Every structure is written in C-alpha cells, then in structure tokens.
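Here is the structure we will look at.
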Amino acid sequence: MAGHAALRLGIVGAGGFATFLTGALRDLPDVTVTVVADPDTDRAGRLAGILAARPVPDWRALVTADDVDVVVVATPPAGHAETTLAALRAGRHVFAEKPLAVTEDEAIAIRDAVAATGRVLVVDHVLRYNPVVRALARLRDPRFAAPPGSPSDPLLGPVRRLAFENDASDEDLGPGHWFWDERVSGGIFVEHGVHFFDAADALVGAIPESVQGMLGHRPGSNLVDLAVATTRYPDGAVATFAHGFSHAHRCERQLMRIDFGTAEARVTGWIPVHAIVDLFTDDAGAALVEDLPARSGELLAVDGHRLPDPAAVTVAVHRHAGPEHARERGHGRRLPHRCRITLDLGGEAAKPHVYAESVRAAMHDLVRCVRTGDRPVAGITEGATAVTVAAAAARSAREDRTVHLGQRSPQHPTACPS
C-alpha cells in the first residue's frame, strides 16, 4: 500500500473499547486518527490528546468533517446503525464494532446503503482475522491441502457439528450496565453471539437455514444471563452456542468443538490461542500433517496480523494405528494413520496480543479494500447475516419455536480466505 496517503479516521465514542482499538491501530502505517467524538467532552479530550487528534462533542459533525475518510463506530450497540448509515450517506467508509446493528431491519438498511454508496464497510468480527480460526479453514481448503503431485482432498472434511460454550464473567457487569438493557445491547445473542454465529459460518462455509433459541434467567430475577441457540445448515450440519454471563473472572471457561467426521478440533478461549486437532487419515494426509510445522507461517498467516513469537505448529503422526479400511455414513474410507496437530499462539498470556492484532488485521483489510476495490473478509454480508441469525435466535426464544431464515437475509456466504 506504499505510495498512498494514510486514511484519516474519525472515532465515534471515546470509552474503553475506543481506547483499546486506537491503541491496536497506533502503528498501522496506513491510518491516522484525526477526530474523536464523544458527548463527554472530558473523555473525548483525553483520547484526542493521546492521539494528537481534535475532539468534538457531536458525532454528526465528525461524519461530515473534511478530514475524515473512515468513521470508526465504537459506541454501545444501539447507536451503531444510525451512525453507520449517516457515515455511509456522507460518503465515508466505516469500521463498525460488532454488532453491526441490533435489529435485522437496521442491518438490511445498512446493507442497502453500502450497495448504494459503494463505500467499504468492515465489521470488527475478530474471529475472522484470528490465526487459529483461519488455520482450521485452510485445513478444509483443497488448495492448501494439496502439495504438488498429491491428491487435492482437504485434510479436514465438511463440518458436521460445531459446539461453542462460553461461561463468561459478570463481575464487571453491574445491574445498571447497558449490557443488560436489550434496548441498548440487543441482548446476549446480538451483542455477544454475533461473533460465534459468524465464526461458525466461516468454518462451515455457509449460512444457516433455521435457528432455535432458549434463554435462562438469573435465579429470583428477570435478568437474562444465559442464551443458548442451535442452528442448522443446508447440508445438514448443526451448530450449538451457549453464552452465559454468570461467573467469577477466575472461573471463566470457553471451548469450541468442531466435528469433521474423521477429525475433531478443540479450540480454547473466546479469543482462540490454542487448538488441538485429532484425526485419522490416509497416506497423503499423514504426509501433509508431517509437513505442517515447516509450513506454520503459511498455515497461521493473516494479512496485517503479527503473530506472537511463541506461535507454533507441532504434530504427531502414528502410522498404522489401526486397520486400513473403515466405513462412515455408508462409505468406505482408508484411515490407517492417527495424527494430532497442535496450534499454539502462546497460551493465555498471548490473548491480549492476539486480540489487538486481530483488530489491527481487520482495519488493514478495510484499507486494502479501499485501495483495491476487493471485498472484505468481514464485510456487510457477514455483519448483516450475523445480526439476522442472532435476531432470529432471540425471536425463537421469545416465541418458543424454530425460526426459518427467509430470503431477506444476505445470501452470499464466504469462508475465511486461504
């Protein structure tokens, strides 16, 4: 991207997330922050001072400012759609914190505005830019899995089932926090679930055709602190998601399990930093596994993401671990070799770095698409689809029925790129 002037960012919101986000972008050479907007003028002034930007109290002045090319939406969810629509209509590109919107109607309005204006919009779906998630998508891609002269079958087959469980903390979410107010947050499915509905779509390579949701309440209260959903995909794959906010920080747990039939992946952390893939495979698959450590940089690469120094791919191959022939779903397979692949970005200590770098990679993607006209990895289709599925899960829970996703939702699924 050399030879281009840096894109000028206007930050809407000067709270904790805006501070984190601008810190993650500080050394990205293709962007510079010029304006910070927040009705709390002291807060806007503090962040603007750190960034050598100018503070303004009203975001409406920011989206039309001559020195803003990209509007960064870093406010609570209820304001995302209004700000994003105003920015697009003012001819600005948009980097939107998730969720893109809190209702399907808002998401569709933004989709239409992107189409009408031709502006680039990236949603901060950081899992699309996570090296572990990207590596699992690559292992499903025949283009990655086929060294010269070998068969083109991917190492991992289609996703059959995916399960995500997040036992998160509520220690910092007091009773007056906006997170609990569905009018502001959209509810747990929308505010938090969009990350994981979207990550499942990236790994499956499709969008769901139906969803069923269920909610749990804090004992003795109407406060919803547990949201569970199941989605079904057109090829029969099923994904389940559990999002709970009821634990002490020290008791938080997250796990994603993905069933590929002949392989199972277990991914830990809502910002994934570690995964183990256990699989049975044939001669070509075992040879590919043995070659993965030498290709670790290629396997884990995310454009704009600087991997932590301890990032590593390790493997173990047990040849002739069982009979050569096996059957599954009525089909014969050759599966004599047992393998284990470990993807390690440095454990829990690496999580802040990986999170920040994933945000940085998402902004890098926006800059790339502004320069080239390409389509972002986490763009309007992905952002609007995630909101559509999340809103349908919430509607399903309210109405106690399965919701079938209609044709209003975007119909152009994409997997993570190779």
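All values below come from the heavy atoms of this structure, side chains included, with hydrogens, waters and symmetry mates left out. No experiment lies behind these values; they were computed from the predicted model shown.
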> Crowded around D309 CG? As in, over 12 foreign heavy atoms under 6.0 Å?
Replying inline: no
> Below 4.5 Å, heavy atoms only, C-beta onward: do H80 and T75 meet side chain to side chain?
Replying inline: yes
> Among all residues two or more places apart in sequence or in another chain, which pass the ring-ring contact (aromatic ring centres under 6.0 Å, His included) test with F241?
Replying inline: F197
>> Under a 3.5 Å distance rule, please check whether N130 uses its side chain to pair with a backbone N or O of V133 as donor and acceptor.
In response: yes
> Given the rule in the side-chain hydrogen bond (donor to acceptor under 3.5 Å, both in side chains) test, do H177 and D170 qualify, once you have shown the distances and angles that lead to the verdict?
Replying inline: CA-CA 10 Å; H177 196 284; D170 66 336; over 6 Å; no
>> Nearest 0.5 angstrom please: D124 CG to L366 CG, how far?
In response: 11.0 Å
>> Testing the 3.5 Å rule here: is there a donor-acceptor pair between the side chains of T240 and R161?
In response: yes
> Nearest 0.5 Å, what's the OG1-CG distance between T314 and L292?
Replying inline: 10.5 Å
> Which heavy atom of R327 sits nearest a heavy atom of G330, and at what distance?
Replying inline: NH2-O, 2.5 Å
>> Determine whether W59 and V36 satisfy the following criterion, side chain to side chain contact (heavy atoms under 4.5 Å, CB included), listing intermediate values before the conclusion.
In response: CA-CA 8 Å; W59 64 265; V36 176; over 6 Å; no
> With sequence neighbours left out, what residues match I50 under side-chain contact (heavy atoms from CB on, under 4.5 Å)?
Replying inline: R26
>> Ignoring hydrogens and geometry beyond distance, is a side-chain donor-acceptor pair present between H125 and D198 at under 3.5 Å?
In response: yes
>> Please find the pair of heavy atoms, one from P29 and one from A6, that lie closest to each other, and give the distance.
In response: O-CB, 3.9 Å
> Does R333 make a cation-pi contact with F280, if we ask for NZ or CZ under 6.0 Å from the ring centre and within 45° of the axis?
Replying inline: no
> Is any NZ, NE, NH1 or NH2 atom of the basic residue among R266 and E264 found under 4.0 Å from an Asp or Glu carboxylate oxygen of the other?
Replying inline: yes
>> Using a 6.0 Å cut-off, check whether atom CZ of R340 has over 12 heavy atoms from anything other than its own residue.
In response: no
>> Let's go through I188 and F179 carefully: what are the C-alpha distance in whole Å and the side-chain angles of both, what is the deciding distance for side chain to side chain contact (heavy atoms under 4.5 Å, CB included) to 0.1 Å, and is it a yes or a no?
In response: CA-CA 8 Å; I188 292 176; F179 178 86; 3.9 Å; yes
> Nearest heavy-atom pair of R140 and P158: which atoms, and what distance?
Replying inline: NH2-CA, 3.7 Å
> Which atom names give the shortest non-hydrogen contact between A53 and V33, and what distance separates them?
Replying inline: CB-O, 3.7 Å
>> Evaluate E290 against R319 for salt bridge (charged side-chain N to carboxylate O under 4.0 Å, His left out), listing each step before the verdict.
In response: CA-CA 11 Å; E290 289 173 333; R319 289 183 178 269; 3.1 Å; yes
> Is any NZ, NE, NH1 or NH2 atom of the basic residue among R375 and E382 found under 4.0 Å from an Asp or Glu carboxylate oxygen of the other?
Replying inline: yes
> Is a salt bridge present between D365 and R368, judged by a nitrogen-to-oxygen distance below 4.0 Å?
Replying inline: yes
Tabulate below the donor-acceptor pairs under 3.5 Å that side-chain atoms of residues 9-20 make, not counting sequence neighbours, or state none.
residue	atom	partner	partner atom	Å
T19	OG1	G15	O	3.0

>> Can you tell me how far apart OG (S246) and CD (E171) are? Round to the nearest 0.5 Å.
In response: 11.5 Å
> Can you name the nearest heavy-atom pair linking A229 to F189, along with the distance?
Replying inline: CB-CE2, 3.6 Å
> Are the side chain of Q254 and the backbone of T268 linked by a donor-acceptor contact shorter than 3.5 Å?
Replying inline: no
> Side chains of D374 and T372: is there a donor and an acceptor less than 3.5 Å apart?
Replying inline: yes
>> Is the shortest side-chain heavy-atom distance between E97 and V73 below 4.5 Å?
In response: no
> Which residues pass the salt bridge (charged side-chain N to carboxylate O under 4.0 Å, His left out) test with R160, sequence neighbours left out?
Replying inline: E328
>> Quiz question: by atom type and distance under 3.5 Å, do the side chains of Y233 and D201 form a donor-acceptor pair?
In response: yes
>> Quiz question: by atom type and distance under 3.5 Å, do the side chains of H305 and R134 form a donor-acceptor pair?
In response: no
>> Which residues pass the salt bridge (charged side-chain N to carboxylate O under 4.0 Å, His left out) test with R338, not counting sequence neighbours?
In response: none
> Between E191 and K98, is the closest basic N to carboxylate O distance under 4.0 Å?
Replying inline: yes
>> Could you work out, with ring-ring contact (aromatic ring centres under 6.0 Å, His included) as the rule, every residue matching H195, not counting sequence neighbours?
In response: W270
>> I'd like to know if the side chain of S210 reaches the main chain of H404, judged simply by a donor and an acceptor atom lying under 3.5 Å from each other, with no hydrogens or angles considered.
In response: no
>> Quick check for you: to the nearest 0.5 Å, what is the distance between L7 atom CG and D69 atom CG?
In response: 5.5 Å
> Is W180 reaching over with its side chain to a backbone N or O of L173, donor-acceptor style, under 3.5 angstrom?
Replying inline: yes
> Roughly how far, to the nearest 0.5 Å, is CG of L405 from CD1 of I207?
Replying inline: 7.5 Å
>> Parallel, tilted or perpendicular: which one describes the rings of H243 and H192, with boundaries at 30° and 60°?
In response: perpendicular
> Any donor and acceptor pair, going by atom type alone, linking the side chain of H93 with main-chain N or O of V120 inside 3.5 Å?
Replying inline: yes
>> Can you give me the closest heavy-atom contact between M363 and V31, atom names plus distance?
In response: CG-CG1, 4.1 Å
>> I'd like to know whether T281 forms a side chain to side chain contact (heavy atoms under 4.5 Å, CB included) with L155, so could you lay out the CA-CA distance, the side-chain angles of the two residues, the decisive distance to 0.1 Å, and finally the verdict.
In response: CA-CA 8 Å; T281 188; L155 188 65; 4.2 Å; yes
> Judged by atom type as modelled, is there a donor-acceptor pair below 3.5 Å linking the side chain of S396 to the main-chain atoms of A392?
Replying inline: no
>> One pair to check against side chain to side chain contact (heavy atoms under 4.5 Å, CB included): K351 and I271. What are the steps and the verdict?
In response: CA-CA 6 Å; K351 190 173 291 186; I271 297 294; 3.7 Å; yes
> Can you check whether R306 reaches D27 side chain to side chain, under 4.5 Å on heavy atoms?
Replying inline: yes
> Which value, rounded to the nearest 0.5 Å, describes the distance between L288 atom CG and R295 atom CZ?
Replying inline: 6.0 Å
> When you measure from the side chain of E324 to the backbone N and O of P336, does any donor-acceptor pair fall under 3.5 Å?
Replying inline: no
>> Evaluate H318 against H337 for ring-ring contact (aromatic ring centres under 6.0 Å, His included), listing each step before the verdict.
In response: CA-CA 6 Å; H318 181 190; H337 311 309; 9.2 Å; no
